[in-house]
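Heads up, the thing below is written out as structure tokens.
Values below: every heavy atom of this structure, side chains too, minus hydrogens, waters and symmetry copies. Quick note: residue numbers are just sequence positions, from 1.
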Amino acid sequence: VLVIFFIKYRLSATSYTGLFLSLYFISGAIGMILWYYLSNKLGKEKAWAFSMLIATMSFVWAFFLKEGYLVQYAMICTISGIAFSADLAIPPSILADQMHKQKLEDNATLLFGILAFLAKLSLGISSAIVMLFLDKAGFQNSVKNGNDTLLLLSFLYSIVPCTIKLVSYAMINHSIRINKET
């Protein structure tokens with residue numbers, strides 16, 4: 001949700017918004033091949049955890065970008081787009097495996113619906129929260145914002161999601177360890 005604000009106000013690169021979004025999504029589409037291969041080679045959970053590390057290591061650098069850092073941001077979009085595709089492909093695949101293992105195929109519509117709902121719910125809640133923070137900091141669209149507000153924008157756009165990814169990474173690794181022990 002913050003990508004448009006980040007590109008416009010932090011990078012001053014509104015005319016490149018389409019290019020950056022295209023890089024992100026095209027890289028994601030191409031990345032599906034990588035995650036398919038790694039899921040078969042390492043296992044789905046390990047491949048997903050690996051994607052979270054890649055996403056974090058690439059996206060954390062967005063915090064340090066300033067006006068004119070277009071090539072660097074394009075690289076971040078490309079690498080994080082590749083990592084993002086794992087978030088789209090692997091969780092539904094893990095769910096399908098679990099449904100098969102537990103003989104829940106008759107509930108597929110409900111379970112995939114819940115998965116999609118939770119993804120949308122988390123996006124909606126997180127968007128509302130970050131917009132509240134930006135509003136309290138005095139962020140305004142269509143106006144020049146101060147350095148502190150832009151720093152908060154960068155923090156909310158990059159550091160917060162990277163922190164959440166690292167927590168998710170730790171949870172998946174914990175789950176992998178538990179599954180090995182059982």
Side-chain angles (χ1 to χ4, degrees), residues 1-39 47-91 118-173:
V1 171
L2 296 179
V3 66
I4 304 299
F5 294 148
F6 185 83
I7 292 169
K8 182 176 182 178
Y9 296 107
R10 193 65 176 163
L11 300 178
S12 297
T14 303
S15 62
Y16 291 95
T17 302
L19 173 66
F20 292 138
L21 291 174
S22 294
L23 281 172
Y24 182 75
F25 289 113
I26 291 169
S27 298
I30 294 168
M32 292 284 187
I33 299 164
L34 170 70
W35 300 119
Y36 174 78
Y37 171 78
L38 288 177
S39 288
W48 193 21
F50 182 59
S51 78
M52 290 180 186
L53 286 180
I54 292 172
T56 302
M57 290 186 320
S58 66
F59 204 68
V60 72
W61 295 106
F63 179 75
F64 302 100
L65 299 183
K66 296 180 179 151
E67 185 175 330
Y69 282 60
L70 305 181
V71 172
Q72 294 87 339
Y73 189 63
M75 291 171 37
I76 290 169
C77 289
T78 302
I79 296 168
S80 63
I82 290 168
F84 169 69
S85 63
D87 290 339
L88 294 177
I90 297 175
L118 291 174
K120 300 294 183 197
L121 180 65
S122 66
L123 179 63
I125 291 171
S126 63
S127 298
I129 291 170
V130 297
M131 292 303 186
L132 285 172
F133 275 110
L134 285 175
D135 184 54
K136 292 290 181 194
F139 179 85
Q140 293 183 343
N141 195 9
S142 303
V143 220
K144 185 153 176 79
N145 292 284
N147 287 335
D148 289 344
T149 306
L150 293 177
L151 188 63
L152 177 63
L153 173 64
S154 293
F155 180 80
L156 293 171
Y157 178 66
S158 64
I159 302 300
V160 170
C162 287
T163 303
I164 293 169
K165 281 278 187 197
L166 288 176
V167 169
S168 299
Y169 170 79
M171 291 171 68
I172 288 175
N173 273 338

Minimum-distance pair of heavy atoms, taken over all atoms of [X] and [Y]:
{"X": "A13", "Y": "L70", "result": "CB-CD2, 3.4 Å"}
{"X": "W48", "Y": "P91", "result": "CZ2-CG, 3.3 Å"}
{"X": "L153", "Y": "F5", "result": "CD2-O, 3.8 Å"}
{"X": "A62", "Y": "F6", "result": "O-CZ, 3.3 Å"}

Rounded distance (nearest 0.5 Å) linking atom [atom1] of [X] with atom [atom2] of [Y]:
{"X": "L88", "Y": "M32", "atom1": "CG", "atom2": "CE", "result": "5.0 Å"}
{"X": "L151", "Y": "R10", "atom1": "CG", "atom2": "CZ", "result": "6.0 Å"}
{"X": "K144", "Y": "T149", "atom1": "NZ", "atom2": "OG1", "result": "11.5 Å"}
{"X": "T14", "Y": "F20", "atom1": "OG1", "atom2": "CZ", "result": "10.0 Å"}
{"X": "L19", "Y": "L23", "atom1": "CG", "atom2": "CG", "result": "4.5 Å"}
{"X": "L11", "Y": "Y16", "atom1": "CG", "atom2": "OH", "result": "11.5 Å"}

E67: partners by side chain to side chain contact (heavy atoms under 4.5 Å, CB included), with sequence neighbours left out: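 For E67, the residues satisfying side chain to side chain contact (heavy atoms under 4.5 Å, CB included) (neighbours in sequence not counted) are S12.
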Taking only residues two or more places apart in sequence, or in another chain, which ones meet A49 in a side chain to side chain contact (heavy atoms under 4.5 Å, CB included)?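 A49 satisfies side chain to side chain contact (heavy atoms under 4.5 Å, CB included) with Y169, I172, N173 once adjacent residues are dropped.
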4.5 Å side-chain heavy-atom contact, L166 and M52: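 They are not in side-chain contact.
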Are K8 and N141 close enough that some pair of their side-chain heavy atoms sits under 4.5 Å apart?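 Result yes, sub-4.5 Å side-chain heavy-atom pair found.
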Verdict with reasoning, L152 to F139, per side chain to side chain contact (heavy atoms under 4.5 Å, CB included): CA-CA 9 Å; L152 177 63; F139 179 85; over 6 Å; no
Pair up each side-chain donor or acceptor in residues 78-86 with any protein partner under 3.5 Å, not counting sequence neighbours, and list the distances.
{"residue": "T78", "atom": "OG1", "partner": "A74", "partner atom": "O", "Å": "2.9"}
{"residue": "S80", "atom": "OG", "partner": "I76", "partner atom": "O", "Å": "2.6"}
{"residue": "S85", "atom": "OG", "partner": "G28", "partner atom": "O", "Å": "3.2"}
{"residue": "S85", "atom": "OG", "partner": "W35", "partner atom": "NE1", "Å": "3.2"}
{"residue": "S85", "atom": "OG", "partner": "I82", "partner atom": "O", "Å": "2.7"}

Would the distance check show the side chain of Y9 and the main-chain N or O of S142 forming a donor-acceptor pair, the cut-off being under 3.5 Å?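 Yes: the side chain of Y9 pairs with the backbone of S142.
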Donor-acceptor pair, side chain of S39 and main chain of Y36, under 3.5 angstrom: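 A pair under 3.5 Å: no.
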Classify the ring geometry of Y157 against Y73: parallel below 30°, tilted from 30° to 60°, perpendicular beyond 60°.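 Rings of Y157 and Y73: tilted, as their planes differ by 30° to 60°.
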Restricting to pairs with a member in residues 151-173, which pass salt bridge (Lys or Arg N to Asp or Glu O under 4.0 Å), not counting sequence neighbours?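 Pairs touching residues 151-173 that pass the test: D87-K165.
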Below 3.5 Å, can you tabulate the donor-acceptor pairs from side chains in residues 124-135 to any protein atom, sequence neighbours excluded?
{"residue": "S126", "atom": "OG", "partner": "S122", "partner atom": "O", "Å": "2.8"}
{"residue": "S126", "atom": "OG", "partner": "L123", "partner atom": "O", "Å": "3.1"}
{"residue": "S127", "atom": "OG", "partner": "L123", "partner atom": "O", "Å": "2.7"}

Can you confirm whether D148 is buried at CG, in the sense that more than 12 heavy atoms of other residues, nucleotides or ligands lie under 6.0 Å from that atom?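 No.
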Show every side chain to side chain donor-acceptor pair (under 3.5 Å) that has at least one partner inside residues 55-65, sequence neighbours left out.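 Counting only pairs at least two positions apart or across chains, no side chain to side chain donor-acceptor pair (under 3.5 Å) contact touches residues 55-65.
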